[in-house]
Peer 1: 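Dumping the structure here so I can ask a few things about it.
Nothing fancy with the numbering, it's 1 onward along the sequence. All values below were derived from every heavy atom in this structure, side-chain atoms included, with hydrogens, water molecules and symmetry-related copies excluded.
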Amino acid sequence: MSTGPHTREYVLDDTYSVRVFENFEGFLSLRETWDEVLRIHGTHEPFLCHEWFRIWLKHFLGDAELFITILYRDSIPVLIAPLIRKNELYKRILNVKKIELIGNAHSPIKNFIFGDTDPLARKKLLNYFFTSMATVLNDWDILELDYIPEENDNYVLIGQAIAENRMAHRDVTSFNDWLLEDINYSGSEYFNNRTKNCRKEIRRRTRRLEDEGLIEIDITNEHYNYEQYMQTYLDVRTCSWKHPENGSSFLEDYRKYAKNRTWLRFSALLLDGKPLSCHMRIVCNNVAYLMESVYDINYKEFSPTTILRSRLMNYLIDEEKVTTVDTIRGDEEYKKEWTPTKRERKCITLFNKTIKGYFFSFISLKLLPIIRKTRGDTSIKPTM
């Protein structure tokens, strides 16, 4: 049934109902409710909070439509699915009706937001969500859930709920994320546990750079001049190997928001007052997310970012008292030394019981495995 313009609600049973918010005004009205549920959810607040999505939608929604789906238990919101829907030329073959989690390359993770901490309860909530997607909300061909973090059994619970609803799907790894978890030691103990070669190389490169002039390490806490440090970052980036930032307007809006929340902080290495390396991080709920890192390519032989990182890690542990350091995304070799725990970000693609859903289900789950088997490639394992 309808509950207002661009908002639909369906009663699933005596306890559960589902509501879909399909316009921006409805989404904006959810701010307090959204962040209350997120506080129960308990992880990745900077990238799942209502304001993150508001800023993202402002810059990237384009021709897509909102499909924010909320599950209620006794009229209390217990699961938020931040979704959009679009018409898309899928795999460059056919136009499909596609629903997907909100986000893009700027999103370190995507996820459902759970208003319950118990794993069994979370799986029950997911069961109701997927049941609603297969029944009352079934006007779609492809449902894509990507960048799902594997921590806290997120991926496992989603997979179990999908299997119990007997929905055709395949799963692959979106990318890897490297973390340092369960920190309960000092910065010096952490550094001493790096490999001998790592410690030796940092000392050697530091001495070489000291021969060039005076080294300064500038690490901010929550109080600093945003414009000053942002300009330092941009100046170094101009001298780096990196291209100009994609989505710079989105990044500017979000960074200012994160600064106002006291999450965003900077660090820089300077040689005789000249910045050679600059790093941005977000610190929230005892987790440090290492965001952008740049260095002056003219000083590559000195590895200024490695020197800066060694000081920053010590600061994160001893001064900011973080329990986790998250390098966000990517398999750069240095991450395995500094943050040795690999966490996968998964992608689950579901195929609806429509003509186009059956077509792509056949291609993905039947035809492609035969082709890969013939070629000796078994890296993707489709599931049903």
Side-chain angles (χ1 to χ4, degrees), residues 20-24 26-28 30-31 34-35 37-38 41-70 79-88 90 96-114 126 129 133 140 142-152 154-155 157-158 169 171-177 179 245-258 261 263-264 280 282 284 287 289-292 326-330 343-350:
V20 181
F21 295 81
E22 299 177 291
N23 71 349
F24 201 68
F27 164 74
L28 292 178
L30 294 169
R31 183 175 64 84
W34 191 293
D35 288 341
V37 176
L38 180 57
H41 179 87
T43 61
H44 297 110
E45 180 180 352
F47 315 109
L48 293 176
C49 65
H50 187 271
E51 188 66 5
W52 165 273
F53 290 102
R54 187 196 69 79
I55 296 171
W56 191 95
L57 291 168
K58 171 186 172 183
H59 291 280
F60 297 120
L61 179 60
D63 294 331
E65 299 175 337
L66 287 176
F67 197 78
I68 307 294
T69 305
I70 301 184
L79 179 72
I80 300 174
L83 301 166
I84 54 176
R85 63 183 176 188
K86 60 176 72 171
N87 292 317
E88 178 179 297
Y90 192 65
V96 301
K97 296 177 181 178
K98 184 183 178 189
I99 295 177
E100 63 186 37
L101 288 168
I102 295 172
N104 58 8
H106 294 295
S107 308
I109 59 100
K110 304 179 193 177
N111 204 1
F112 297 95
I113 304 172
F114 295 93
L126 289 166
F129 168 78
M133 294 302 295
W140 54 275
I142 304 292
L143 172 58
E144 188 163 87
L145 309 171
D146 56 349
Y147 301 8
I148 298 290
E150 66 170 340
E151 301 96 300
N152 302 318
N154 287 283
Y155 167 67
L157 294 175
I158 293 170
H169 66 285
D171 57 323
V172 297
T173 297
S174 297
F175 54 86
N176 293 324
D177 190 0
L179 293 85
E245 290 183 322
N246 291 322
S248 57
S249 297
F250 163 78
L251 292 171
E252 177 70 7
D253 282 356
Y254 181 70
R255 286 165 181 164
K256 287 182 177 178
Y257 167 73
R261 290 292 304 269
W263 293 343
L264 182 67
M280 274 187 271
I282 284 178
C284 176
V287 179
Y289 301 93
L290 304 187
M291 307 296 284
E292 294 294 331
D326 187 339
T327 62
I328 300 300
R329 60 190 298 163
R343 296 294 191 184
E344 292 185 335
R345 304 299 180 236
K346 306 293 288 189
C347 175
I348 305 174
T349 303
L350 293 92

Peer 1: Using side-chain heavy atoms (C-beta onward) and a distance below 4.5 Å, is Leu83 in contact with Leu101?
Peer 2: yes

Peer 1: Looking at CG of Leu48 and CD1 of Ile113, how far apart are the two atoms once the value is rounded to the nearest 0.5 Å?
Peer 2: 5.0 Å

Peer 1: Under a 4.0 Å N-O cut-off, is there an ion pair linking Glu51 with Arg54?
Peer 2: yes

Peer 1: Which heavy atom of Tyr254 sits nearest a heavy atom of Pro46, and at what distance?
Peer 2: OH-O, 2.7 Å

Peer 1: What distance do Ile328 atom CD1 and Ile282 atom CD1 have between them, rounded to the nearest 0.5 Å?
Peer 2: 7.5 Å

Peer 1: What I'd like to find out is whether the side chain of Leu350 reaches to under 4.5 Å of the side chain of Met133, using heavy atoms alone.
Peer 2: no

Peer 1: Do Thr327 and Leu179 come close enough that some side-chain heavy atom pair is under 4.5 Å?
Peer 2: no

Peer 1: Phe27: which residues meet the ring-ring contact (aromatic ring centres under 6.0 Å, His included) condition with it, sequence neighbours left out?
Peer 2: Phe24, Trp34, His50

Peer 1: Among residues at least two apart in sequence or on other chains, which ones pass ring-ring contact (aromatic ring centres under 6.0 Å, His included) with His41?
Peer 2: Phe114

Peer 1: Can you measure from OG1 (Thr69) to CD1 (Ile99) and round to the nearest 0.5 angstrom?
Peer 2: 7.0 Å

Peer 1: Is the shortest heavy-atom distance from the side chain of Lys98 to the side chain of Trp140 under 4.5 Å?
Peer 2: no

Peer 1: Between Glu151 and Thr43, is there a side-chain heavy-atom distance shorter than 4.5 Å?
Peer 2: no

Peer 1: For a quick test of reading the model, state the closest non-hydrogen atom pair linking Arg85 to Leu66 and the distance between them.
Peer 2: NE-O, 4.4 Å

Peer 1: Can you tell me if His44 and Asn111 form a side-chain donor-acceptor pair at under 3.5 Å?
Peer 2: no

Peer 1: Are side-chain heavy atoms of Ile68 and Ile102 found at a separation under 4.5 Å?
Peer 2: yes

Peer 1: To the nearest 0.5 Å, tell me how far Ile148 CD1 sits from Tyr155 OH.
Peer 2: 10.5 Å

Peer 1: Hey, is Lys110 close enough to Glu100 for a salt bridge, meaning N to O under 4.0 Å?
Peer 2: no

Peer 1: My understanding is that only residues two or more places apart in sequence, or in another chain, count here; which of them pass ring-ring contact (aromatic ring centres under 6.0 Å, His included) with Tyr289?
Peer 2: Phe47

Peer 1: Just so I know, are the side chains of Glu144 and Tyr90 near enough to count as touching, which here means a heavy-atom distance under 4.5 Å?
Peer 2: yes

Peer 1: Check the side chains of Ser174 and Lys346 for a donor-acceptor pair under 3.5 angstrom, ignoring hydrogens and angles.
Peer 2: no

Peer 1: Taking atom CG of Asp171 and atom OG1 of Thr173, what is their separation to the nearest 0.5 Å?
Peer 2: 8.0 Å

Peer 1: Would you please test Met280 and Arg255 for side chain to side chain contact (heavy atoms under 4.5 Å, CB included) and show each step?
Peer 2: CA-CA 10 Å; Met280 274 187 271; Arg255 286 165 181 164; 3.5 Å; yes

Peer 1: What about Tyr257 and Trp52, are their ring centers closer than 6.0 Å?
Peer 2: no

Peer 1: I'd like to check the side-chain hydrogen bond (donor to acceptor under 3.5 Å, both in side chains) partners of Tyr147; sequence neighbours left out, ordered by chain and number.
Peer 2: none

Peer 1: Can you name the residues that form a salt bridge (Lys or Arg N to Asp or Glu O under 4.0 Å) with Arg329, not counting sequence neighbours?
Peer 2: none

Peer 1: With rounding to the nearest 0.5 angstrom, report the CG to CD1 distance, Asp146 to Ile348.
Peer 2: 10.0 Å

Peer 1: Locate the shortest heavy-atom distance separating Leu157 from Asn152; write the atom from each residue and the value.
Peer 2: CD1-O, 4.4 Å

Peer 1: Tell me every residue that passes ring-ring contact (aromatic ring centres under 6.0 Å, His included) with Phe60, counting only those two or more places apart in sequence or in another chain.
Peer 2: Trp56, His106, Phe250

Peer 1: Tell me, do Glu292 and Glu245 make a side-chain contact under 4.5 Å, heavy atoms counted?
Peer 2: yes

Peer 1: What pair of heavy atoms forms the shortest contact from Phe175 to Pro108, and how long is it?
Peer 2: CZ-O, 3.4 Å

Peer 1: Spell out, as yes or no, whether a donor-acceptor pair under 3.5 Å connects the side chain of Glu150 to the backbone of Glu344.
Peer 2: yes

